[in-house]
Structure formats: structure tokens, C-alpha cells
There are 2 protein chains.
Amino acid sequence: MEERVKQIKQQLSGHSYKLTPQREATVRVLLENEQDHLSAEDVYLLVKDKSPEIGLATVYRTLELLSDLSIIHKLNFGDGVTRYEFRAEDAEHHHHHLICLHCGAVDEITDDWLGPIEKRVETEFDFQIIDHRLTFHGICYRCKGQVKDPKKLIGSKVT
Amino acid sequence: MEERVKQIKQQLSGHSYKLTPQREATVRVLLENEQDHLSAEDVYLLVKDKSPEIGLATVYRTLELLSDLSIIHKLNFGDGVTRYEFRAEDAEHHHHHLICLHCGAVDEITDDWLGPIEKRVETEFDFQIIDHRLTFHGICYRCKGQVKDPKKLIGSKVT
DNA sequence: CAATTAATTGATAAAAACTCTCACATTATA
DNA sequence: TATAATGTGAGAGTTTTTATCAATTAATTG
């Protein structure tokens with residue numbers, strides 16, 4: 001935890017940004033909730049618990065800054081809010097998500113299975129891939145059996 | 001074109017909805033611009049050209065209705081607006097998109113290459129897949145050569 | 001160390017994209 | 001035809017995010 005904060009501090013100073021108390025509070029909330037995919041509002045409320053004087057705009061600015069420096073990723077699961085997650089330092093690519101259409105849970109697949117497919121895209125479409133996003137929508141193991149007609153769930157979901 | 005309109009009319013009446021003039025105008029705009037991924041605002045402006053009396057809310061309602069009936073798909077490419085595309089009648093799944101981070105073009109891959117990967121997800125994660133979304137972000141053949149530092153593009157993009 | 005400059009912040013206004021409400025119009029049903 | 005149900009347009013309201021700007025804090029210069 002402390003090392004990660006220190007590491008982020010260095011990444012910021014490497015680009016002439018400071019790890020201000022507000023930014024540090026925001027980073028710590030993100031680190032403490034790394035499993036979840038927090039929205040800006042979520043982060044704001046959690047940061048406020050410890051630092052009530054912080055402003056919403058500052059949280060947005062910090063998330064944007066971290067995103068610009070590729071320290072975190074912006075995610076959009078089609079529910080109207082942008083969510084944020086740490087970017088694995090070593091990972092070349094974004095990982096994949098499993099979204100349950102019944103309970104809304106978002107699980108992760110950290111393996112990258114798209115290697116061969118990317119090859120095909122690069123050659124067949126002459127497209128230079130920088131990143132990719134792969135999301136599966138369906139029913140998670142927790143909700144299995146609770147859904148009678150899965151086709152019904154597909155309706156007006158976004159993404 | 002006319003057949004497709006008729007077909008959609010039947011899909012609507014099958015669910016006790018009518019193909020009103022406003023709905024028909026919206027459907028025709030979508031059909032005439034099937035290549036593009038229009039936003040609700042885009043559709044509204046195009047519909048207005050031919051039927052100036054139509055309201056924005058009606059366009060939103062129609063798109064929502066078509067989406068509920070799985071006649072069209074809602075898409076989100078992370079630019080803050082929901083986009084819409086026809087759903088191939090036969091296709092089990094959504095197709096894939098290639099998004100150019102330089103010019104913003106959205107090309108399509110209509111083949112479904114994820115069969116083997118879906119198998120793994122279903123067994124390894126006990127996740128029943130209903131649909132999936134796969135998007136590659138990178139540089140399209142048109143922009144090849146115009147981008148010096150591709151890594152720079154990755155910054156604060158959403159999705 | 002004092003003064004100036006720059007970076008950052010909080011509060012709030014504003015923008016953007018939808019969504020809701022409600023009176024009116026159109027269509028279907030009895 | 002009367003009555004009920006469905007659909008529409010206009011505009012108000014909501015939600016999420018961005019912009020503005022005065023005030024604070026930190027850094028730099030002399």
C-alpha cells in the first residue's frame with residue numbers, strides 16, 4: 001500500500017505533478033477499493049469520509065490526471081457513469097470483464113486470450129491495435145438458476 | 001428497404017406496438033444510415049429534415065422501444081453518447097468494432113471469432129454468456145503513418 | 001526572507017445527454 | 001359515436017461531468 005502510494009507519487013513527479021493531500025486521499029481510496037469499479041461519485045463519497053473538505057471537482061480532476069498518466073483506466077459498463085480501475089503496471093492490455101445482467105456484478109478475467117485474434121485483426125484489417133476491451137454479458141455463477149428467461153435480459157442494455 | 005420497414009412493422013405489431021409515422025421516419029433514418037453509428041441527436045436531426053414536427057423525446061422513445069425489442073443495439077464507444085445500430089437478424093451475437101484513436105472511425109468485424117474463448121469463460125468461470133462486446137482501439141489503415149507516438153493516444157480514453 | 005509567479009483547490013455555474021410530465025392528439029374498442 | 005388506450009410534442013427536471021474563478025498553497029526568484 002505505502003509502496004504503491006510512493007510509486008504513484010513518483011509517477012506524478014516524473015510529469016511535474018505533485019501528490020497533494022487531496023490527490024493522495026483519492027489514490028488511497030482507489031487502492032483500498034481496488035476490487036470494486038468505483039464511479040467518480042463513489043470515490044468522492046469515500047474520500048469525504050476521511051477528508052470532508054475535499055471538493056467533487058478535485059476528485060474528477062485527480063481521476064482525469066491519473067487516467068492521463070495511464071495509472072488508472074476509465075471504464076464504461078453502460079450504466080451511465082464512468083468507472084475507474086487501476087491499470088496493472090506490467091499488463092500490456094486491459095483485462096476482460098464478466099458482467100452479470102441479473103445482479104450487476106462485474107468479475108474479471110486477467111488472462112489475455114486475444115493474442116491470435118489480434119494477429120488476425122492486424123493482418124486482415126491492417127489495423128494497429130493499441131488496446132482492446134472485451135466484455136461478456138450474461139449470468140454469473142451466483143445468479144445461476146434464478147433466471148428463467150435469459151433472452152429477456154438482453155433488451156435495452158447499452159455498450 | 002421497404003421489406004425491412006414492413007418486417008419491423010410486424011415485429012412491432014407482434015408486441016402490440018404500432019408503426020406510427022414518427023416511428024417509421026426514425027426507422028427509415030436508421031436504415032438509410034446503417035453504416036454509421038448514429039447517436040440519438042444524429043437521428044433526431046436527420047429525422048427533422050423530413051419530418052420537422054417530430055420531437056426529440058419521441059426519437060428517444062422510439063430508439064428505446066426498438067432496443068427493447070432487440071431490433072437495434074445500443075452501443076457505447078466512450079464518447080459520452082449512446083449510439084445505435086441494427087441488430088443482424090440472424091446473428092446470435094453482437095459483432096466487433098475497430099475504433100481508430102486518431103480519426104475516430106468505427107469499422108466492423110462481422111465474423112465472430114470468440115467461440116473458443118466463450119467456451120473457456122463458460123467452463124472456467126461458470127458464467128452463462130448471453131452476449132459479448134469486443135472492441136479494438138488503435139490506428140486504422142487510413143491513419144497509418146500519420147501517428148508518431150501511438151502510446152500517447154491511449155491516455156484518458158474511456159470504455 | 002520577502003515578493004512574485006505558478007499550481008492547485010473548492011464552490012458553484014454551466015453543459016450535455018437523457019428522462020419525465022402532462023396536456024393534447026390519434027387510434028382502437030365497445 | 002362515446003370511451004378508453006396509446007402515442008406525441010414541448011419543455012421542465014435529472015444526472016453526470018466540465019468550466020470558471022476567486023482563494024489558497026507551494027515553488028521560485030531576487
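This is a predicted model, so every value here is computed, not measured.
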| field | Distance-only donor-acceptor check, side chains B:Arg23 and B:Thr26, under 3.5 Å | value | no
| Pair A:His102, B:Gln128: side-chain N/O donor-acceptor within cut-off below 3.5 Å | no
Let me know the distance between [atom1] of [X] and [atom2] of [N], rounded to the nearest Å.
X: A:Lys74; N: D:dT17; atom1: NZ; atom2: P; result: 9 Å
X: A:Leu56; N: D:dT18; atom1: CG; atom2: P; result: 11 Å
X: B:Glu64; N: D:dT6; atom1: CD; atom2: P; result: 18 Å
X: A:Asp42; N: D:dT16; atom1: CG; atom2: C1'; result: 13 Å
X: A:Leu45; N: D:dT15; atom1: CG; atom2: P; result: 14 Å
X: B:Glu24; N: C:dT27; atom1: CD; atom2: P; result: 13 Å
X: B:Lys9; N: D:dG7; atom1: NZ; atom2: C1'; result: 16 Å
X: B:Tyr17; N: C:dT26; atom1: OH; atom2: C1'; result: 18 Å

| task | Please determine if A:Lys119 and A:Glu124 form a salt bridge, counting it only when a charged side-chain N lies under 4.0 Å from a carboxylate O. | result | no
Quick one: label [X] by what it contacts on the DNA or RNA (base, sugar-phosphate, nothing), any heavy atom closer than 4.0 Å.
X: A:Glu41; value: nothing
X: B:Arg61; value: base
X: A:Ile54; value: sugar-phosphate

[N] phosphate, OP1 or OP2, under 4.0 Å from [X] side-chain N/O:
X: B:Thr82; N: C:dA17; value: no
X: B:Thr58; N: D:dT8; value: no
X: A:Gln22; N: C:dG10; value: yes
X: B:Tyr60; N: C:dT19; value: no
X: A:Thr20; N: C:dT8; value: no

| Residue closer to the 5' end of DNA chain C, B:Pro21 versus B:Gly80 (nearest nucleotide) | B:Gly80
| request: Among C:dA28, D:dT16, D:dT8, find the nucleotide with the atom closest to the side chain of A:Val81. | output: D:dT16
| said: For B:Arg120, is there any backbone N or O sitting under 3.5 Å from a side-chain donor or acceptor partner on B:Thr123? | reply: yes
| query | Which class fits the ring pair A:His96 and A:His132: parallel under 30°, tilted 30 to 60°, perpendicular over 60°? | reply | tilted
